Amino acid sequence: LGTWRMGESRADATREVAALVLGLDLGMTLIDTAEMYGEGGAEEIVAKALQGRRDDAFIVSKVYPQNAGAKSAPAACERSLKRLRTDRIDLYLLHWPGSIPIAETVEAFERLREAGKIVRWEVSNFDTRAMRSLEATKNGGHCATNQVLYNLSERGVEFDLLPWCAGRQMPVMAYSPVNQGALATHRKLSALAAAHDVTAAQLALAWTMRDPRVITIPKSSTLARVDENRRAAALVLTPDVTRQLDGLFPP
Ligand code: NAP
């Protein structure tokens, strides 16, 4: 469950909380958020959805690159924990590469892990070159995953990053899996989906999940879409459908 664009307006809060609660009820237990989203507002929405059921969820949150230093990272993490109303973040990640040396960020994450404030850490928007230099950093091998843009229209990571991660048994998290809604209304994708009694969004999500090492985090504040997206997890793409998708969206 993604949360970008949540927590930005009070008027939408009830709807957003309800969407996350439904997702949890349906077994979509990984919730992805960030200090950036709604400038903390999304983390507060997550806290409301998790009231009385913290252990049902695997919480992922992110630190701004400018807050990822030896002193700033622990402070940012404390603020996130407070907004999330929890004692730990299951996976804490660097939102994108910044100017603070990666070795300093890794050390800050390792201290947070030792203190039990976070369970694991990862990075986001790291290309293969950045992953290589992370790997060469002390404790860089503890990185749990890399969260990157990946969907039918954005397949660049297939050329280098996905094989690199696969070689290290490292899962990848696909963000914007329905390309921020655009794939849900894609004409040719919708036609292919309709021929198989599913929706374009479901086909797009099932496609990101065709590789079991890929975790996909669609965001929706709409109850019917959360249910629709959940059902995509049950779809298995046949080789014929996969071929047709490759034709529509060449890598
Ligand atoms: P997304 O999940 O691909 O698309 C979200 C948009 O699609 C929303 O406008 C949503 O509308 C709509 N939508 C969702 N399911 C739909 C369906 N079944 N039918 C039609 N429309 C549907 O894009 P995203 O939010 O950019 O990415 C997902 C999550 O990844 C984010 O929320 C965030 O947690 C994370 N992310 C991380 C980074 C990073 O730098 N690490 C960057 C971007 C995103 P409604 O909400 O109105 O239903």
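Note that these values count all heavy atoms, side chains included, but never hydrogens, waters or copies made by symmetry. Ligands are counted one by one from 1 in listed order, and the atoms in each one are counted from 1 as well. The residues of the chain are indexed from 1 along the displayed sequence. Quantities reported herein were computed from a predicted structural model and do not represent experimental measurements.
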Among all protein heavy atoms, pick the one closest to [atom] and tell me residue, atom and distance.
| atom | answer |
| --- | --- |
| atom 23 (O) of ligand 1 | Ser176 CA, 3.4 Å |
| atom 39 (C) of ligand 1 | Tyr175 CE2, 3.3 Å |
| atom 32 (O) of ligand 1 | Trp4 N, 2.9 Å |
| atom 22 (C) of ligand 1 | Arg225 CD, 3.6 Å |
| atom 40 (O) of ligand 1 | Asn125 ND2, 2.9 Å |

Tyr175 ring center within less than 6.0 Å of Tyr150 ring center: no
Between [X] and [Y], is there a donor-acceptor pair closer than 3.5 Å when you use the side chain of the first and the backbone of the second?
| X | Y | value |
| --- | --- | --- |
| Lys62 | Thr33 | yes |
| Asp160 | Thr128 | no |
| Thr3 | Met6 | no |
| Thr105 | Ala68 | yes |
| Glu158 | Pro251 | no |
| Glu44 | Gly7 | no |
| Arg54 | Ala57 | yes |
| Asn125 | His95 | yes |
| Asn179 | Ala182 | no |

Please list, in number order, the atoms of ligand 1 under 4.0 Å from a heavy atom of [X].
| X | result |
| --- | --- |
| His95 | 39 (C), 40 (O), 41 (N) |
| Pro218 | 2 (O) |
| Thr222 | 45 (P), 47 (O), 48 (O) |
| Glu228 | 18 (N) |
| Ser221 | 45 (P), 46 (O), 48 (O) |
| Gln147 | 35 (C), 36 (N), 37 (C), 38 (C), 39 (C), 41 (N) |

Test item, Trp96 contacting ligand 1 (heavy atom, 4.0 angstrom): no
Heavy atom of Met6, distance to ligand 1 below 4.0 Å: no
What part of [X], side chain, backbone, both or neither, has a heavy atom within less than 4.0 angstrom of ligand 1?
| X | result |
| --- | --- |
| Ser124 | side chain |
| Gln180 | both |
| Lys62 | side chain |
| Pro177 | both |
| Thr33 | neither |

Per [atom], closest listed option by heavy atom ([options]):
| atom | options | value |
| --- | --- | --- |
| atom 10 (C) of ligand 1 | Lys219, Glu16, Arg231 | Lys219 |
| atom 28 (C) of ligand 1 | Leu94, Ile217, Leu149 | Ile217 |
| atom 3 (O) of ligand 1 | Val178, Ile31, Asn229 | Val178 |
| atom 7 (O) of ligand 1 | Ala224, Ala184, Gly181, Ser220 | Gly181 |
| atom 35 (C) of ligand 1 | Leu1, Thr216, Asp32 | Asp32 |

Transitive ILVMFWY side-chain link Leu1 to Trp4, under 4.5 Å: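 Different hydrophobic clusters.
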Inter-residue atom distance Glu43.CD - Arg85.CZ, 0.5 Å rounding: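 Those atoms lie 12.0 Å apart.
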Parallel, tilted or perpendicular: rings of Phe249 and His186 (30°, 60°): tilted
Donor on one side chain, acceptor on other, Glu35 and Asn67, under 3.5 Å: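 Looking only at side-chain atoms, Asn67 and Glu35 do form a donor-acceptor pair, the distance falling under 3.5 Å.
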